[in-house]
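Ligands are counted one by one from 1 in listed order, and the atoms in each one are counted from 1 as well. In what follows, every heavy atom counts, from backbone to side chain, and hydrogens, waters and symmetry copies are set aside.
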Amino acid sequence: MLIAFEGLDQSGKETQAQQLRERLREAGRRVRLLSFPDYGTSIGEEIARALAGERDYGPDVMQLLFVANRYERREAIAEWVAGGLILLCDRYRASSIAYGEAQGLDTAWLEDIQRFLPVPDLTIFIDIAPETAVKRKARDRDKYERDLELLGGVRRSYTRQAVQQGWLLLDGERSKEQIAEDVFAAVAARVGLS
Ligand code: TMP
C-alpha cells in the first residue's frame, strides 16, 4: 500500500507521516517512509540549490527535476509495495501538480510525465491556510515558501485534486493529536487494523 501525504510546507505532513509509521510498526506492520524531494541524490542536490536561489530554472524545469527525482526511486517503490510493505511518502506526485499548476503549467502535462510512477492508494491532504504556513516558519524560507500568492494557488490545486480524486482532506489548523487520530483511523480501516 502506498500512502502519500500532501499539503503546504509547515502543514505537519512530516510529523504525521512519522507518527503513522510508529503506530503501524507498533501494530506489527512493515512500513517505510520516503520524503520528496530526496535531497540525497545529485538531482536532489540540484533541487536544493535551486530552492536556495542559486539557480534560475523556470517552473517547468523545476518540476521536471522534482519528477526526475521521484523516477530515481520508481523501481524501489514498485518493489516495496509489491512486497507488501506500507510505504508512506511525504510529498509525491500531487506536489508537482499543485506547485506546477499554481505556476501556470499544464495539468495534463504534469500528469503525463508522471504516469509511470506508482499511483498512491490513499492521499492525505493536510490543509492549512498560506498565512498559517508563513506564520509557522518565519525564517529560512525557500523561494516558494516566501510567496503567499503562489501558496494560495497551491492550496486551490490541492483542494481541487482532493475533491476530484476522493482524497482524505484534513483540517491542519487543529492539534497534532487530533489530526493523528484521523490519519490513523483512515489508514487502520484500509489496512485491516482497528
Ligand atoms: P520540502 O520543503 O517539502 O523539502 O519541498 C521543497 C519545496 O519544493 C516545497 O516548497 C514544495 C516544492 N515541491 C514542488 O514544487 N514539487 C514537488 O514535486 C515537490 C516534491 C516539492
Side-chain angles (χ1 to χ4, degrees), residues 2-18 20-21 33-74 76-77 87-120 123-162 165 167 172:
L2 175 53
I3 301 173
F5 285 81
E6 295 284 354
L8 298 182
D9 285 306
Q10 311 309 316
S11 58
K13 298 181 304 305
E14 191 179 4
T15 306
Q16 292 300 332
Q18 287 170 348
L20 179 63
R21 177 182 59 189
L33 171 57
L34 281 184
S35 280
F36 290 108
D38 174 357
Y39 294 109
T41 73
S42 51
I43 292 173
E45 284 172 16
E46 191 61 12
I47 290 171
R49 284 186 206 108
L51 287 171
E54 291 167 29
R55 298 280 191 272
D56 196 17
Y57 297 127
D60 50 359
V61 175
M62 282 303 293
Q63 293 310 325
L64 284 167
L65 287 172
F66 287 117
V67 170
N69 186 233
R70 283 190 287 282
Y71 270 91
E72 294 186 281
R73 291 292 208 157
R74 182 173 71 97
I77 292 172
L87 183 63
L88 310 178
C89 289
D90 170 13
R91 295 196 177 284
Y92 192 55
R93 294 168 33 144
S95 280
S96 273
I97 313 279
Y99 285 78
E101 247 184 20
Q103 293 173 94
L105 299 180
D106 180 69
T107 310
W109 177 72
L110 291 163
E111 281 166 357
D112 195 45
I113 56 176
Q114 303 195 82
R115 74 177 188 277
F116 296 116
L117 291 171
V119 180
T123 299
I124 300 173
F125 169 35
I126 304 181
D127 183 37
I128 57 168
E131 293 75 15
T132 306
V134 169
K135 221 185 296 163
R136 287 181 184 173
K137 188 172 179 187
R139 279 185 294 158
D140 300 326
R141 295 183 201 140
D142 68 33
K143 68 175 193 169
Y144 295 155
E145 290 166 337
R146 284 192 290 269
D147 188 337
L148 260 184
E149 202 179 313
L150 171 75
L151 297 181
V154 172
R155 187 189 196 192
R156 278 192 294 282
S157 171
Y158 272 138
T159 306
R160 177 193 64 74
Q161 295 182 71
Q165 296 172 30
W167 294 356

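We find that Lys13 and Glu6 are not joined by a salt bridge, their nearest charged nitrogen and carboxylate oxygen being 4.0 Å or further apart.
Applying the side chain to side chain contact (heavy atoms under 4.5 Å, CB included) test between Arg115 and each of Asp112, Ile113, Val119 identifies Asp112 as the sole match. Applying the side chain to side chain contact (heavy atoms under 4.5 Å, CB included) test between Ile47 and each of Tyr39, Tyr57, Phe36 identifies Tyr39 as the sole match.
The local environment of CZ in Arg156 is sparse, with at most 12 non-hydrogen atoms from other residues, nucleotides or ligands closer than 6.0 Å.
Closest approach of Ala98 to Gln161, counting heavy atoms only: N-NE2, 3.7 Å.
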Please report the C-alpha distance between Arg91 and Asp9 in whole Å, then the side-chain angles of each, then the deciding distance to 0.1 Å, and finally whether the salt bridge (Lys or Arg N to Asp or Glu O under 4.0 Å) criterion is met. CA-CA 10 Å; Arg91 295 196 177 284; Asp9 285 306; 3.3 Å; yes
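For a heavy-atom separation below 4.0 Å, the residues in contact with ligand 1 are Asp9, Phe36, Pro37, Tyr39, Leu51, Gln63, Phe66, Arg70, Arg91, Ser95, Ser96, Tyr99, Asp142, Tyr144.
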